[in-house]
Number of protein chains: 2
Amino acid sequence: MSAMKIKTMEEFASVSGLSRPTVSKYFFDPKSVRQSTRARIEEALTRYDYRPNIYAMNQNRRLTRMVGIVVPFLADPFFAEIARTIERRCVASGFRPLLFGSHGEPDLEVEILQSVLALKPAATLLAPLGRRSDKQAVAAFCEDVPTILFDSNIEGLGEAFVGSNNDRSIGRIVAYLCETGSPPCFFELKAPPNPNAYKRRAAYLNAMEALGHEPHLVQVHGEGWDFENIGCNEGMAAFERRAFATDTVLCSNDRLAIGLLAAAYRRGLKVGRGEGCALRIAGHDDHPFSRFTTPALTTVSQDYEAIATHCMEALERLIGGGDAGPRDTVMFDGRLVVRESA
Amino acid sequence: MSAMKIKTMEEFASVSGLSRPTVSKYFFDPKSVRQSTRARIEEALTRYDYRPNIYAMNQNRRLTRMVGIVVPFLADPFFAEIARTIERRCVASGFRPLLFGSHGEPDLEVEILQSVLALKPAATLLAPLGRRSDKQAVAAFCEDVPTILFDSNIEGLGEAFVGSNNDRSIGRIVAYLCETGSPPCFFELKAPPNPNAYKRRAAYLNAMEALGHEPHLVQVHGEGWDFENIGCNEGMAAFERRAFATDTVLCSNDRLAIGLLAAAYRRGLKVGRGEGCALRIAGHDDHPFSRFTTPALTTVSQDYEAIATHCMEALERLIGGGDAGPRDTVMFDGRLVVRESA
DNA sequence: GAGATAATTTTACGCGCGTAAAATTTCGAT
DNA sequence: ATCGAAATTTTACGCGCGTAAAATTATCTC
């Protein structure tokens with residue numbers, strides 16, 4: 001490796017004895033230059049470690065291989081996990097993912113979309129904030145960048161939506177809970193940030209009605225994404241005021257359930273479905289750590305791999321095929337994961 | 001808002017009746033143009049929603065306000081949390097953070113550093129993979145970009161290191177555990193990915209020796225960052241073979257502890273320091289979810305806020321002051337967080 | 001109101017790279 | 001060895017923007 005630092009493609013072309021555009025062609029597709037030319041470039045590459053500036057490339061390439069991935073909250077393990085899965089798939093398909101978290105803030109989401117736009121990505125996978133999103137700004141972004149929505153849908157926006165069928169997954173776990181014990185109450189935020197929560201509430205009400213049980217919503221106050229904390233504190237308060245009409249609680253998501261589990265423990269309530277248990281608690285999402293709660297959390301697994309796979313398929317179709325076709329909406333069924341807590 | 005879409009600064013300058021460089025000056029510093037000019041631009045800004053392309057800006061600006069933040073694994077809540085804290089501080093100080101996770105892969109870390117370099121960031125905050133990092137590549141990066149290492153140190157690299165004093169925090173919790181019950185065994189990976197783990201092991205051995213107790217390392221096999229899983233499975237096996245010489249276990253980090261907590265539960269071992277408890281378990285880091293385990297995890301809190309604050313201070317000093325000064329190393333003391341598990 | 005000086009804007013060029021069109025080279029067929 | 005088509009490389013220009021230097025405009029004196 002030579003000591004001389006090569007910073008630009010011009011310099012690198014010069015030391016390989018070629019013109020810059022030829023080198024540029026090589027970096028776009030090594031097979032697009034003559035074999036002997038390729039050998040010269042690759043020989044130079046062993047002597048100097050040069051790599052093209054990706055942002056300068058993106059500025060000019062008609063089509064980049066960049067993919068923007070935007071999620072509402074990266075410190076939420078659910079989103080961290082799904083983002084990780086999608087990122088891996090992107091890399092495997094030869095794309096360059098760039099991950100952003102909106103920190104739950106609509107303004108930041110808009111700003112992120114602006115800077116994703118500046119990247120000229122081939123496409124973007126967006127899990128919008130949802131209710132709080134600046135819909136106009138998101139719509140404007142979708143005009144300019146082929147966008148696939150995931151996790152939470154904003155009707156009519158983007159080329160596709162990939163998510164989970166809350167209706168069916170909540171229906172399934174409600175049915176399971178009713179079959180194996182008393183019908184569940186539903187523990188949730190009164191004004192949740194994520195639209196899925198609304199779908200789940202509706203799904204719970206439907207499912208209970210269909211099974212002929214009276215629904216019990218236990219709605220607690222709380223803002224933001226600090227779900228475990230809300231679940232724990234508000235759960236304690238709910239126990240205090242005997243808010244749960246039955247001994248079974250279905251939580252709107254696993255993070256609330258983890259909080260409620262902690263609250264139950266503090267109240268001395270044994271959770272589970274065995275002998276001597278005072279309470280059953282279930283969640284939704286199959287959060288990466290739900291397997292390790294004590295007791296392990298019964299939940300509905302969102303199919304991370306299937307969602308990621310379908311996102312990538314939709315993405316490749318979007319990039320490959322010229323005609324967009326109608327906006328397609330795919331919702332995967334959750335898988336009931338019976339563990340110890342319910 | 002006019003229907004016409006403004007894409008470039010040229011276009012925007014044209015509709016504001018000015019030349020592009022004037023507009024460029026405005027966006028660098030609104031006060032740098034005449035008051036009347038500024039008014040014209042801002043009036044135009046209300047009619048057209050134009051924003052400069054940040055990547056094109058970065059390509060040319062002598063100094064950008066970009067800050068690269070690189071962590072080894074974003075799906076680890078510890079890193080997600082510290083990254084979030086630092087990101088917030090960056091935004092508050094008027095920087096534009098760009099967050100990357102290496103997915104535990106040295107190759108990806110190198111690639112990320114390459115693309116961070118292309119961003120021409122004002123500085124970079126890097127939590128390196130550590131043991132598995134390509135040290136040469138990291139060193140080359142540090143030559144080109146003012147870099148502050150955090151969480152895990154690579155001696156001599158970067159302008160500063162900000163982290164936790166493992167020696168003192170492990171010393172503190174070992175002392176606490178010894179005072180309040182039997183001396184702890186130390187539960188860890190045999191070949192951990194993160195260098196802090198080695199420091200903690202050494203600190204444990206030191207602390208035990210200083211207190212006149214015989215140390216007991218329980219080292220388990222496992223690769224990667226799936227710590228809860230390793231902690232649970234290997235913890236089960238360790239219980240099986242009675243690997244823990246005492247009834248107290250200090251885990252190398254909270255994620256292992258969360259796994260071990262799950263293993264103990266499955267074995268029917270009651271964890272805590274009260275009556276009828278079979279085992280005490282403690283961790284290290286004060287992982288965001290450690291408050292919500294059952295029982296709540298006794299641990300040592302890393303001072304996220306202090307680390308983030310000092311990172312930003314070092315960053316501003318680095319950018320502001322011309323002379324770098326000697327590499328400064330700051331290590332914050334952890335805070336003993338006594339909860340229920342030990 | 002003319003001339004000098006300071007503040008501001010514009011011109012001209014550059015950043016690192018992509019890409020269409022022109023120029024060159026290569027290669028097979030004669 | 002010669003010609004022509006195809007493959008390849010180079011020339012020339014553009015992307016969206018920053019910035020130094022030149023040109024313009026505003027401000028101040030007398």
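Residue numbering restarts at 1 for every chain, and letters A, B, ... go by the order of the sequence lines. Only this structure's heavy atoms are used, side chains among them; waters, hydrogens and symmetry mates stay out.
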Whole-Å gap separating [atom2] ([N]) and [atom1] ([X]):
X: B:E10; N: D:dG18; atom1: CD; atom2: P; value: 12 Å
X: B:N53; N: C:dC17; atom1: CG; atom2: P; value: 16 Å
X: B:F28; N: C:dT8; atom1: CZ; atom2: P; value: 16 Å
X: A:Y26; N: C:dT19; atom1: OH; atom2: P; value: 17 Å
X: A:Y55; N: C:dG16; atom1: OH; atom2: C1'; value: 14 Å
X: A:Q59; N: C:dT19; atom1: CD; atom2: C1'; value: 14 Å
X: A:L117; N: D:dG16; atom1: CG; atom2: P; value: 11 Å
X: B:N58; N: C:dC15; atom1: CG; atom2: C1'; value: 12 Å

Name the closest nucleotide to the [X] side chain, picking from [options].
X: B:V33; options: C:dG16, C:dT9, D:dA20; result: C:dT9
X: B:R62; options: D:dA20, D:dC17, C:dC17; result: D:dA20
X: B:R20; options: C:dC15, D:dC17, C:dT11; result: D:dC17
X: A:K25; options: C:dC15, D:dG14, D:dT9; result: D:dT9
X: B:P21; options: D:dT8, D:dG16, D:dT19; result: D:dT19

Original post:
Nearest nucleotide by nearest heavy atom, which residue falls closer to the 5' end of DNA chain D, A:S19 or B:P52?
Top reply: A:S19

Compare side-chain N and O positions of [X] against OP1 and OP2 of [N] and report whether any pair is under 4.0 Å apart.
X: B:Y50; N: D:dC17; result: yes
X: B:R34; N: D:dT25; result: no
X: B:R61; N: D:dG18; result: yes
X: A:T22; N: D:dT10; result: yes

Subject >> 5′-ward residue of the pair B:Q35/A:R51 relative to DNA chain C >> reply: B:Q35

Subject >> A:E87, A:R84, A:R88 screened by side chain to side chain donor-acceptor pair (under 3.5 Å) with B:H103, the one that passes >> reply: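 With B:H103 as partner, A:E87, A:R84, A:R88 yield a single side chain to side chain donor-acceptor pair (under 3.5 Å), made by A:E87.
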
**OP:** Decide yes or no for B:T64 and B:M57: does some side-chain heavy atom of the first lie under 4.5 Å from some side-chain heavy atom of the second?
**Re:** no

Subject >> Non-hydrogen side-chain atoms of B:D144 and A:K7 separated by less than 4.5 Å >> reply: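 They are in side-chain contact.
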
Original post:
Looking for any heavy atom pair under 4.0 Å, which part of the strands does A:S24 touch: base, sugar-phosphate only, or nothing?
Top reply: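 The answer is base, as A:S24 lies within the cut-off (heavy atoms under 4.0 Å) of a base atom.
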
Original post:
Are the ring centres of B:F78 and B:Y304 closer than 6.0 Å?
Top reply: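 Between B:F78 and B:Y304, the centre distance is under 6.0 Å.
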
Subject >> Neighbour count >12 (heavy atoms, 6.0 Å) for atom CD, B:E43 >> reply: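 Enclosed: over 12 neighbouring heavy atoms sit under 6.0 Å from CD of B:E43.
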
